[in-house]
Amino acid sequence: MRTIRRASAGTGSARSDNAPAPALVAISHGTNSPTGQAAIAALVAAVARSRPDLTVADGFVDVQQPDVAATLGALQVASAAIVVPLLLSAGYHVHVDLQNETAAADRDTHVSHALGPDQRLIEVLADRLGEAGYRAGDELVLAAAGSSDARAVADCREVGRMLAARLGARVTVGFLSAASPRLGCAVAAARIRNPKARVALGSYLMAPGFFFDLTAQVGADLISDPLLVPEQAPPVGLVELVIDRYTEAAASARRLAARAA
């Protein structure tokens, strides 16, 4: 479901020229899973509630509609936009698809960083693992979607290191597609390494969907929920992270505009 909230005239953070603040355009991957769709929609709605001074719109880079072009095209004519990828790592969609789509837009548009890596994601991961029953001594494998873009893979490995530091445990990162080691291989290696321990799987995935369904097939003893859980309020830290990515990109856009003036 698409959500757009329009800021009232004269409200919100204004730029130096008194123009309204850019719209926050939250772009997720898209999924055919109704529960995944609901979880992402709840995050966008929570962002909109946290920033009623902004126009907040959502769209999708794949699978669902509206796509990026349609979402940007539906904004008010004079509105600038900050596209915030609701993606955990910066791979092809961030570096290529979103850059191409925003370059073609007939408005001032900038793309923020992806959500990860960030300590707030680590806290949500730790909470989800605790809810699933993780305990010290378990072999811990972090399940990531995977990407053919080495930068996205590096982001996931950094999250693995951050989670290891947070929990004081060894963390192996396994990928569901495109990158190595594949998740099933990472789980199997964990069993060989410590045959008496349980294997706990931390789901470094935004929401239920195709990839989360695959985690049930790799033989882990317990699997945490993804970061967003249907029918639960989105984690406050995740809402703040989306807004911070918007704020950072908006500040960068102002600096670029000032240098070009």
Side-chain angles (χ1 to χ4, degrees), residues 1-3 24-48 50 56-64 68 71 83-94 97-98 111-129 131-132 142-147 149 152-153 155-160 162-163 173-179 183 201-216 223-246:
M1 178 178 178
R2 189 176 178 200
T3 301
L24 190 164
V25 179
I27 298 294
S28 59
H29 182 276
T31 177
N32 289 319
S33 164
T35 54
Q37 293 172 6
I40 294 292
L43 174 60
V44 177
V47 169
S50 294
V56 177
D58 64 342
F60 308 93
V61 75
D62 201 356
V63 183
Q64 290 179 251
V68 179
T71 302
V83 170
V84 180
L86 301 186
L87 302 170
L88 296 176
S89 303
Y92 188 88
H93 285 316
V94 173
D97 288 338
L98 290 181
V111 181
S112 82
H113 292 299
L115 299 182
D118 189 273
Q119 189 62 39
R120 285 163 288 194
L121 298 175
I122 305 306
E123 295 306 317
V124 179
L125 276 168
D127 288 345
R128 295 287 182 246
L129 281 163
E131 293 163 1
L142 186 67
S147 174
D149 190 308
V153 173
D155 284 348
C156 293
R157 296 195 192 284
E158 175 61 19
V159 168
M162 294 168 70
L163 183 62
V173 181
F175 298 94
L176 287 155
S177 68
L183 184 59
L201 203 63
S203 299
Y204 188 49
L205 303 166
M206 279 293 288
F210 176 73
F211 280 135
F212 181 65
D213 290 344
L214 291 179
T215 63
I223 303 170
S224 74
D225 283 327
L227 303 182
L228 296 173
V229 177
E231 301 180 2
Q232 286 188 19
V236 172
L238 194 48
V239 176
E240 292 174 348
L241 178 55
V242 174
I243 293 170
D244 282 354
R245 290 291 184 258
Y246 166 88

Can you tell if the side chain of [X] reaches within under 4.5 Å of the side chain of [Y], non-hydrogen atoms only?
X: Pro117; Y: Asp155; answer: yes
X: Asp127; Y: Pro235; answer: no
X: Asp149; Y: Val94; answer: no
X: Leu129; Y: Leu163; answer: yes
X: Val44; Y: Leu86; answer: yes
X: Leu121; Y: Met162; answer: no
X: Ser147; Y: Ser89; answer: no
X: Leu183; Y: Leu201; answer: yes

Is the backbone N or O of [Y] less than 3.5 Å from a side-chain atom of [X], with the two atoms forming a donor-acceptor pair by type?
X: Gln37; Y: Thr31; value: yes
X: Arg245; Y: Leu115; value: yes
X: Ser203; Y: Ser224; value: yes
X: Ser177; Y: Ala145; value: yes

Mind listing the closest non-hydrogen atom pair of [X] and [Y] along with its distance?
X: Ala39; Y: Pro208; value: CB-CD, 4.3 Å
X: Ser50; Y: Val239; value: OG-CG1, 3.6 Å
X: Val111; Y: Pro85; value: CG1-CG, 4.0 Å
X: Tyr204; Y: Leu125; value: CD1-CD1, 3.7 Å

Charged N-O contact under 4.0 Å between Arg120 and Glu123: no

Heavy-atom count around Glu231 CD within 6.0 Å, excluding the residue itself: above 12?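 Not buried by this count: 12 neighbours or fewer within 6.0 Å.
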
Check Leu205, Leu176, Thr35 against Phe212 for a side-chain contact (heavy atoms from CB on, under 4.5 Å) and give me the one that passes. Leu205

Determine, stepwise, if the pair Asp244 / Asp118 fulfils side-chain contact (heavy atoms from CB on, under 4.5 Å). CA-CA 11 Å; Asp244 282 354; Asp118 189 273; over 6 Å; no

Determine whether Thr71 and Phe60 satisfy the following criterion, side-chain contact (heavy atoms from CB on, under 4.5 Å), listing intermediate values before the conclusion. CA-CA 8 Å; Thr71 302; Phe60 308 93; over 6 Å; no

